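Lettering of chains follows the sequences in order, A, B, ..., and the numbering in each one begins at 1. If you're wondering where the values come from, they're calculated on a predicted model, not measured in any experiment.
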There are 2 protein chains.
Amino acid sequence: MKPTDILQVHELKKTNSRLALIKALQESTFPQSENEMKSRMSDQYDRITFYRNVQALEDAGVIHRIVVDSHTVKYALNCCETEKKHQHIHKHVHFNCKSCGKTFCLENTDIQQYRLPAGFQTEECEVMIKGYCKFCSQK
Amino acid sequence: MKPTDILQVHELKKTNSRLALIKALQESTFPQSENEMKSRMSDQYDRITFYRNVQALEDAGVIHRIVVDSHTVKYALNCCETEKKHQHIHKHVHFNCKSCGKTFCLENTDIQQYRLPAGFQTEECEVMIKGYCKFCSQK
DNA sequence: GTTTTAAATGAAACATTGTTTCAATAAAAA
DNA sequence: TTTTTATTGAAACAATGTTTCATTTAAAAC
């Protein structure tokens, strides 16, 4: 789906910054950090606008935010680009490689339901696994 | 276990900052943010020393770090204060309340084993659940 | 109990990440 | 083409975390 169509579907204005941001993620094989996206967006990158747009796109359901650790946030396109916020039912596990640092959306590894103690209500659940990825583990 | 004995077991020097840090956590019912601990530690708190000591105590296996979101880190004592690093086998789920903001170590809710795609090796797994806690959900 | 030694502390300065306000600009509707 | 409203980018700020280095302190040696 073209960046401009994604924005159309989500009723967001088609600005150059947003188009560049989506394009940067579409061209990436893995979830990207702000710094990685900055390189890909070149002159379309402005720090302040970036923060506002990742927020807007996350709220709209276009992208999701992956907190790798307290210093590292990465961004990835949602699997179904047209879904609105809170329609992102298919929640997957995230993986971060301790060797190469790459982050993976393990689309086929669903998050399991946790039975919590009485009185606790689940609204969201994030699973962050760290270890060695398929490219690094064989070494 | 007394703070001084905890440090003894882990072969760490008994400094006032460390004793105050451990005491602050022992007096807390819930995992605490740096700011909350700062209040409890009063004049024993120094920002730089605090960062160095949470690192040292985490490495030693005295405390663990909970990344609630990219802006919020909380700290809690490990359940078995005497365990060394990487002996923390009993990994539990963390819960954050969207209403009161409190964080809970759900000691009885174990993290499940995830079957990852071929080639992916798990070393650590963090589960962060957000929703409404037992104190807030009834409202 | 005193001296020695190695680790821990705290000040200063810096780095990174993220936010707020506000005037200028650009997208989309009229 | 004009009008309206959201978006942008500059400036300034705020929070979180790190590095270097001289000083201090804990614990070991004497």
Novice: In this structure, are over 12 heavy atoms from other groups packed under 6.0 Å from A/K23 atom NZ?
Specialist: no
Novice: Quick one: does B/Q121's side chain have a donor or acceptor within less than 3.5 Å of a partner on B/G119's backbone?
Specialist: no
Novice: Extract from the structure each pairing of a protein N or O with an N or O of nucleotides 28-30 of chain C at less than 3.5 Å, listing the distance.
Specialist:
residue	atom	partner	partner atom	Å
C/dA28	OP1	A/K14	N	2.9

Novice: Hydrophobic cluster mates of B/V68, side-chain heavy atoms under 4.5 angstrom, ILVMFWY only, any path?
Specialist: B/I66, B/M128
Novice: Does A/A60 offer a backbone N or O that forms a donor-acceptor pair with the side chain of A/H10 under 3.5 Å?
Specialist: yes
Novice: Could you tell me how far apart A/D59 (CG) and D/dA6 (C1') are, to the nearest whole angstrom?
Specialist: 15 Å
Novice: C/dA26 C1' sits how many Å from A/Q44 CD, rounded?
Specialist: 13 Å
Novice: Round to the nearest Å and state the distance from A/H10 atom NE2 to D/dA6 atom C1'.
Specialist: 18 Å
Novice: Are there any protein N/O atoms within less than 3.5 Å of an N/O atom in nucleotides 10-19 of chain D, and if so, which ones and at what distance?
Specialist:
residue	atom	partner	partner atom	Å
D/dG17	OP2	B/Y51	OH	3.1
D/dG17	N7	B/R47	NH1	2.9
D/dG17	N7	B/R47	NH2	3.1
D/dG17	O6	B/R47	NH2	2.9

Novice: Take the protein atom CG of A/D69 and the nucleotide atom P of C/dT17, then report the distance between them rounded to whole Å.
Specialist: 11 Å
Novice: Are a donor atom and an acceptor atom from the side chains of B/K74 and B/S33 found within less than 3.5 Å of each other?
Specialist: no
Novice: Mind checking what makes ring pair (Phe, Tyr, Trp, His ring centres under 6.0 Å) contact with B/Y45, not counting sequence neighbours?
Specialist: B/F50
Novice: Please report how far the helix from C/dG1-D/dC30 to C/dA30-D/dT1 bends, comparing the axis fitted to its first five pairs with the axis fitted to its last five, to the nearest 10 degrees.
Specialist: 30°
Novice: State which residues pass ring pair (Phe, Tyr, Trp, His ring centres under 6.0 Å) with B/F120; sequence neighbours excluded, sorted by chain then number.
Specialist: A/F95, A/F104
Novice: Check for a donor-acceptor pair, side chain of B/R40 on one end and backbone N or O of B/L25 on the other, with a separation under 3.5 Å.
Specialist: no
Novice: Take the protein atom CD of A/E58 and the nucleotide atom C1' of C/dG18, then report the distance between them rounded to whole Å.
Specialist: 14 Å
Novice: Expressed as a whole number of angstroms, how long is the span from A/L21:CG to D/dT8:C1'?
Specialist: 14 Å
Novice: When you measure from the side chain of A/S39 to the backbone N and O of A/N35, does any donor-acceptor pair fall under 3.5 Å?
Specialist: yes
Novice: Output the rounded distance in Å from OH (A/Y45) to P (D/dT7).
Specialist: 19 Å
Novice: Is there a donor-acceptor pair closer than 3.5 Å between any side-chain N or O of A/Q26 and the backbone N or O of A/M1?
Specialist: yes
Novice: Per the salt bridge (Lys or Arg N to Asp or Glu O under 4.0 Å) rule, which among A/E58, A/E126, A/E34, A/E124 passes with A/R65?
Specialist: A/E58
Novice: I want to check one thing: is the phosphate of C/dT9, taken as OP1 and OP2, less than 4.0 Å away from some side-chain N or O of B/N53?
Specialist: yes
Novice: 5'-most contact on DNA chain C: B/N16 or A/N16, nearest heavy atom basis?
Specialist: B/N16
